[in-house]
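Okay, structure first, notes after.
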Amino acid sequence: QVQLVESGGGSVQPGGSLRLSCAASGLSFSDRAWAWFRQAPGKEREFVAAISRSDKSTYYTDSVKGRFTISRDNAKNTLYLQMNSLKFEDTGVYYCASEYAVVPNVGKADYDYWGQGTQVTVSS
């Protein structure tokens, strides 16, 4: 049974930092590309960041470039998202997702496994 469990969400002031984790089990972590998506209230789920199977390529939506860093630890079967300089508009539920691909896609329909999400709230 595949399980993706996110953690690390919480409430933070603007300018603060959080580190999200996604612990995976029941699938071959190292054979897959991985991504983070987020969904704000009343909005569609959107792509945030992705990392290739080889760990050599990362991809970000423009609004988080320079502030967020995606990484993976194949030995721990864990995906990470380091979020710095958080802004109000970063608020939402963050989901990790996986697809069987070398190079990740930005469309959510391409991903076959999803976590349950972790809430990130940026407020003063």
Side-chain angles (χ1 to χ4, degrees):
Q1 181 181 358
V2 175
Q3 282 194 313
L4 306 183
V5 180
E6 299 99 334
S7 61
S11 294
V12 64
Q13 291 185 338
S17 297
L18 286 173
R19 188 193 195 203
L20 306 183
S21 299
C22 171
S25 61
L27 75 173
S28 182
F29 184 90
S30 60
D31 286 340
R32 290 178 155 265
W34 291 84
W36 289 97
F37 288 76
R38 67 186 177 190
Q39 188 166 17
K43 294 188 176 182
E44 293 285 323
R45 192 172 300 188
E46 65 174 359
F47 171 82
V48 176
I51 188 165
S52 66
R53 185 170 73 182
S54 70
D55 192 18
K56 292 181 179 178
S57 298
T58 56
Y59 309 84
Y60 300 92
T61 192
D62 287 345
S63 64
V64 308
K65 285 179 180 176
R67 300 188 298 121
F68 290 12
T69 302
I70 188 172
S71 61
R72 60 190 292 167
D73 186 335
N74 289 345
K76 296 183 178 180
N77 288 353
T78 302
L79 178 73
Y80 302 100
L81 185 68
Q82 177 67 44
M83 305 187 294
N84 299 328
S85 302
L86 283 161
K87 303 177 180 180
F88 293 120
E89 52 264 40
D90 294 319
T91 293
V93 179
Y94 283 69
Y95 300 88
C96 65
S98 175
E99 64 166 334
Y100 188 69
V102 175
V103 177
N105 291 288
V106 299
K108 54 184 181 291
D110 295 300
Y111 291 79
D112 52 356
Y113 293 113
W114 292 82
Q116 82 290 347
T118 186
Q119 177 70 45
V120 171
T121 302
V122 184
S123 68
S124 55

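Since the structure is predicted, the reported quantities are computational estimates derived from the model, not experimental observations. Just so it is clear, the values below take in all heavy atoms, side chains as well, and ignore hydrogens, waters and symmetry mates.
In this structure, NZ on K65 lies 10.0 Å from OG1 on T58, to the nearest 0.5 angstrom. Between the OH atom in Y113 and the CD atom in Q3 there is a gap of 12.0 Å [rounded to 0.5 Å]. Within the model, atoms OG of S71 and CG of L81 stand 8.0 Å from one another, a figure rounded to the nearest 0.5 Å. Annotation: the span from R45 atom CZ to Y94 atom OH amounts to 13.0 Å, rounded to 0.5 Å. Rounding to the nearest 0.5 Å places CZ of R32 at 4.5 Å from CG of D112. Atom OG of S57 is separated from atom CD1 of I70 by 11.5 Å, given to the nearest 0.5 angstrom.
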For the pair R38 and V120, evaluate side-chain contact (heavy atoms from CB on, under 4.5 Å) and give the outcome as yes or no after the intermediate values. CA-CA 9 Å; R38 67 186 177 190; V120 171; over 6 Å; no
Chi angles and distances behind the side-chain contact (heavy atoms from CB on, under 4.5 Å) call for W36, M83: CA-CA 12 Å; W36 289 97; M83 305 187 294; over 6 Å; no
With side-chain hydrogen bond (donor to acceptor under 3.5 Å, both in side chains) as the test, would you mind laying out the steps for T121 and S123 before giving the verdict? CA-CA 6 Å; T121 302; S123 68; over 6 Å; no
Go through E46 and T61 one step at a time and tell me if the side-chain contact (heavy atoms from CB on, under 4.5 Å) criterion holds. CA-CA 9 Å; E46 65 174 359; T61 192; 5.7 Å; no
Between E6 and Q116, is a side-chain contact (heavy atoms from CB on, under 4.5 Å) present by the stated rule, with each step listed? CA-CA 7 Å; E6 299 99 334; Q116 82 290 347; 2.8 Å; yes
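Among residue pairs with one or both ends in residues 6-33, those qualifying as ring pair (Phe, Tyr, Trp, His ring centres under 6.0 Å) are F29-W34; sequence neighbours excluded. The disulfide (SG to SG under 2.5 Å) contacts involving residues 58-124 comprise C22-C96, where partners must be two or more places apart or lie in separate chains. Residues in residues 52-87 take part in no disulfide (SG to SG under 2.5 Å) pair, two or more places apart or across chains. For residues 26-89, the set of pairs meeting the disulfide (SG to SG under 2.5 Å) definition, not counting sequence neighbours, is empty. Sorted by first and then second residue, the pairs that involve residues 43-88 and meet ring pair (Phe, Tyr, Trp, His ring centres under 6.0 Å), not counting sequence neighbours, are F37-F47. Listed by first and then second residue, the disulfide (SG to SG under 2.5 Å) pairs involving residues 26-57 amount to none (not counting sequence neighbours).
Closest of all the heavy-atom pairs between V102 and A33 is O-CB, 4.4 Å. Between L18 and L86, the shortest heavy-atom distance links the atoms N-CD1, 3.9 Å. Considering every non-hydrogen atom in both T78 and S21, the closest pair reads CG2-CB, 4.3 Å. In terms of heavy-atom proximity, Q119 sits nearest to V93 at OE1-CG2, 3.2 Å. Minimum heavy-atom separation, P104 to S52: CD-CA, 3.7 Å. Here the closest non-hydrogen pair linking D73 and A75 is OD1-N, 3.0 Å.
Note on V64 and V12: same hydrophobic cluster, where clusters join Ile, Leu, Val, Met, Phe, Trp and Tyr whose side-chain heavy atoms are under 4.5 Å apart, directly or indirectly. Both I51 and L20 belong to a single network of hydrophobic side chains, linked directly or stepwise wherever heavy atoms of I, L, V, M, F, W or Y lie under 4.5 Å apart.
Between D90 and K87 there is no salt bridge, since none of the side-chain N atoms of the basic residue sits less than 4.0 Å from a carboxylate O of the acidic one.
Remark: the backbone N or O of V122 is paired with a side-chain donor or acceptor of T91 at under 3.5 angstrom.
Side-chain contact between Y95 and L4 is absent, with no heavy atoms from C-beta onward closer than 4.5 Å.
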